[in-house]
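What follows is a set of notes on a single structure, which appears directly below.
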Amino acid sequence: MTKLALSFFQRKDVEKISRELLGKVLVTRWNGELTSGRIVETEAYKGTQDRASHAYRGRTPRTEVMFGPGGRAYVYLCYGIHQMFNIVTNEEDIPHAILIRAVEPIEGIDIMLKRTGKKSPDYTLTRGPGNVGKAFGFHTSQCGHLLTSDELFIADDGFNITKSMIGTSPRIGVDYAGEDAALHYRFFIKGNPYVSGKKN
DNA sequence: CGACCGATCGTCT
DNA sequence: GACGATCGGTCGA
């Protein structure tokens, strides 16, 4: 189990990082409550040139974190209900980010059940960005949190992902983004039951 | 199945 | 004042 360093997130190719995050382990330990899971679905958002990105309209109080250096969390509220967890990448002033859309639970499933109010674990526990946010205890107050801390980090546990295991598609829910809506910026592990959408 | 609807509130116009 | 990078439930075929 090796914690990913800041240099991993501060590289320039968001698509590449989005692919490499598949198979890595997301860990949160808020107030000592440990939850972890394998990342199985990601989406890249390419900053000011990407109409689907919040950063497209430039720097605002909300998007400020994305303009900082990579390796921090961008957590925002969606539909007034869902806490969406993103990883900021690239260097300062280039607001790239990666949305974690689905995870396969590993540790702390009891805690996830408590947070989500579900009675027993099923594939919906950590499927979709809203559910990931809830199960891992994310909140907009954690926006800007460093991704190499003891409370929040990404790790490599040696799990190997080959190119043929990765599927791509347009991103979900970004139809308003014009031509950018068609870009294949969504990446997922083919056949994994936690991946959102109908048939992967 | 697929279509639709309500929840719920911060953010930007 | 309108609108989401969503989810889960309901309704009808």
Side-chain angles (χ1 to χ4, degrees), chain A residues 9 14-15 17-19 21-22 26 37 39-68 70 72-90 94-105 112-145 147 154 167-189 192-200:
Chain A
F9 306 107
V14 237
E15 291 178 64
I17 301 172
S18 299
R19 288 172 179 277
L21 280 173
L22 295 176
L26 168 65
I39 297 168
V40 299
E41 183 181 356
T42 60
E43 271 180 8
Y45 287 85
K46 237 172 193 171
T48 53
Q49 64 175 84
D50 178 2
R51 290 177 68 180
S53 172
H54 292 161
Y56 177 68
R57 295 174 196 291
R59 203 182 278 253
T60 68
R62 180 175 62 150
T63 62
E64 184 66 30
V65 206
M66 281 197 277
F67 286 84
R72 291 184 184 270
Y74 168 48
V75 185
Y76 73 92
L77 185 64
C78 187
Y79 291 98
I81 302 171
H82 306 292
Q83 312 287 331
M84 311 280 266
F85 168 60
N86 296 248
I87 291 170
V88 177
T89 68
N90 215 307
I94 304 183
H96 288 181
I98 299 168
L99 172 66
I100 304 302
R101 289 195 55 90
V103 162
E104 178 176 328
M112 296 183 193
L113 288 172
K114 188 186 70 182
R115 286 174 180 155
T116 57
K118 293 181 195 290
K119 297 187 177 80
S120 58
D122 60 20
Y123 296 136
T124 69
L125 185 61
T126 51
R127 163 191 265 180
N131 290 328
V132 170
K134 215 189 278 180
F136 280 78
F138 280 105
H139 187 266
T140 52
S141 61
Q142 293 148 350
C143 198
H145 203 289
L147 285 169
I154 313 286
T168 70
S169 83
R171 292 167 292 185
I172 293 178
V174 298
D175 301 335
Y176 59 84
E179 300 171 5
D180 292 337
L183 297 169
H184 279 230
Y185 282 180
R186 172 170 174 258
F187 307 93
F188 54 91
I189 297 179
N192 187 288
Y194 288 91
V195 173
S196 67
K198 301 166 198 168
K199 221 186 166 188
N200 275 2

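Letters A, B, ... mirror the listed sequences (proteins, then strands); counts begin at 1.
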Figure out the NE2/C1' separation between A:His96 and C:dA5, and round it to whole Å. 16 Å

Which nucleotide in the list C:dG8, C:dA5, B:dC9 gets nearest to the side chain of A:Val174? C:dA5

Between the main-chain N or O of A:Lys134 and the side-chain N or O of A:Thr116, is there a donor-acceptor pair closer than 3.5 Å? no

Among A:Leu26, A:Ile154, A:Thr42, which residue meets the side-chain contact (heavy atoms from CB on, under 4.5 Å) test with A:Ile87? A:Ile154

Please list, for nucleotides 2-8 of chain B, all pairs of protein and nucleotide N/O atoms separated by less than 3.5 Å.
from  : atom 1 : to      : atom 2 : distance (Å)
B:dT8 : O2     : A:Tyr79 : O      : 2.4

A:Thr60 near the nucleic acid: base, sugar-phosphate alone, or nothing, with a heavy-atom cut-off under 4.0 Å? sugar-phosphate

Mind calculating the distance between OH (A:Tyr176) and P (C:dT6) to the nearest angstrom? 8 Å

Sequence neighbours left out, cut at 3.5 Å: what donor-acceptor pairs do the side chains of residues 171-183 of chain A make with other protein atoms?
from     : atom 1 : to       : atom 2 : distance (Å)
A:Arg171 : NH1    : A:Ala44  : O      : 2.9
A:Arg171 : NH1    : A:Asp50  : OD2    : 2.6
A:Arg171 : NH2    : A:Asp50  : OD1    : 3.1
A:Arg171 : NH2    : A:Asp180 : O      : 3.2
A:Tyr176 : OH     : A:Ala52  : O      : 3.2
A:Asp180 : OD2    : A:Arg51  : N      : 2.8

Whole angstroms only, please: what is the CZ-P distance between A:Arg127 and C:dA5? 21 Å

Nucleotide C:dT6, atom C1' - distance to CG of A:Asn86 in whole Å: 14 Å

Rounded off to whole Å, could you give me the CE-to-P distance for the A:Met84 and C:dG4 pair? 13 Å

In DNA chain B, consecutive runs of at least three Watson-Crick or G-U pairs below 3.5 Å, as range with range, amount to B:1-7 with C:6-12, B:9-12 with C:1-4

Using the C1' atoms only, state how far C:dG8 lies from B:dG10, rounded to an integer number of Å. 22 Å

Measuring to OP1 and OP2 of B:dT11, would you say a side-chain N or O of A:His54 lies under 4.0 angstrom away? no

Identify whether any heavy atom of A:Asn131 sits under 4.0 Å from a base atom; if not, whether one sits that close to sugar-phosphate; answer base, sugar-phosphate or nothing. sugar-phosphate

How are the rings of A:Phe138 and A:Phe85 set to each other: parallel, tilted or perpendicular (split at 30° and 60°)? parallel

Can you tell me if A:Phe67 has over 12 outside heavy atoms packed within less than 6.0 Å of its CZ? yes

Please give, in whole Å, the distance from B:dT11 P to A:Gln83 CD? 11 Å

Any base atoms under 4.0 Å from A:Arg62, or only sugar-phosphate, or nothing? Heavy atoms, all strands. sugar-phosphate

Under 3.5 Å: donor-acceptor pair, side chain of A:Gln142, backbone of A:His139: yes

Considering non-hydrogen atoms only, spot the tightest contact between A:Met84 and A:Cys78 and give its length. CG-CB, 3.7 Å

Has A:Lys134 got a side-chain N or O lying under 4.0 Å from the OP1 or OP2 atom of C:dC7? no

One pair to check against side-chain contact (heavy atoms from CB on, under 4.5 Å): A:Val195 and A:Arg186. What are the steps and the verdict? CA-CA 11 Å; A:Val195 173; A:Arg186 172 170 174 258; 3.5 Å; yes

Please confirm whether the backbone N or O of A:Ser196 pairs with a side-chain atom of A:Glu41, one donor and one acceptor, at under 3.5 Å? yes

Once you round it to whole Å, what is the distance between C1' of C:dA5 and CZ of A:Arg101? 7 Å

Could you tell me the separation between the CD atom of A:Glu64 and the C1' atom of B:dG10, rounded to a whole number of Å? 17 Å

Would you tell me if any nitrogen or oxygen in the side chain of A:Arg57 comes within less than 4.0 Å of OP1 or OP2 on B:dT13? no

Evaluate whether atom CZ of A:Arg57 has more than 12 neighbouring non-hydrogen atoms of other residues, nucleotides or ligands under 6.0 angstrom away. no

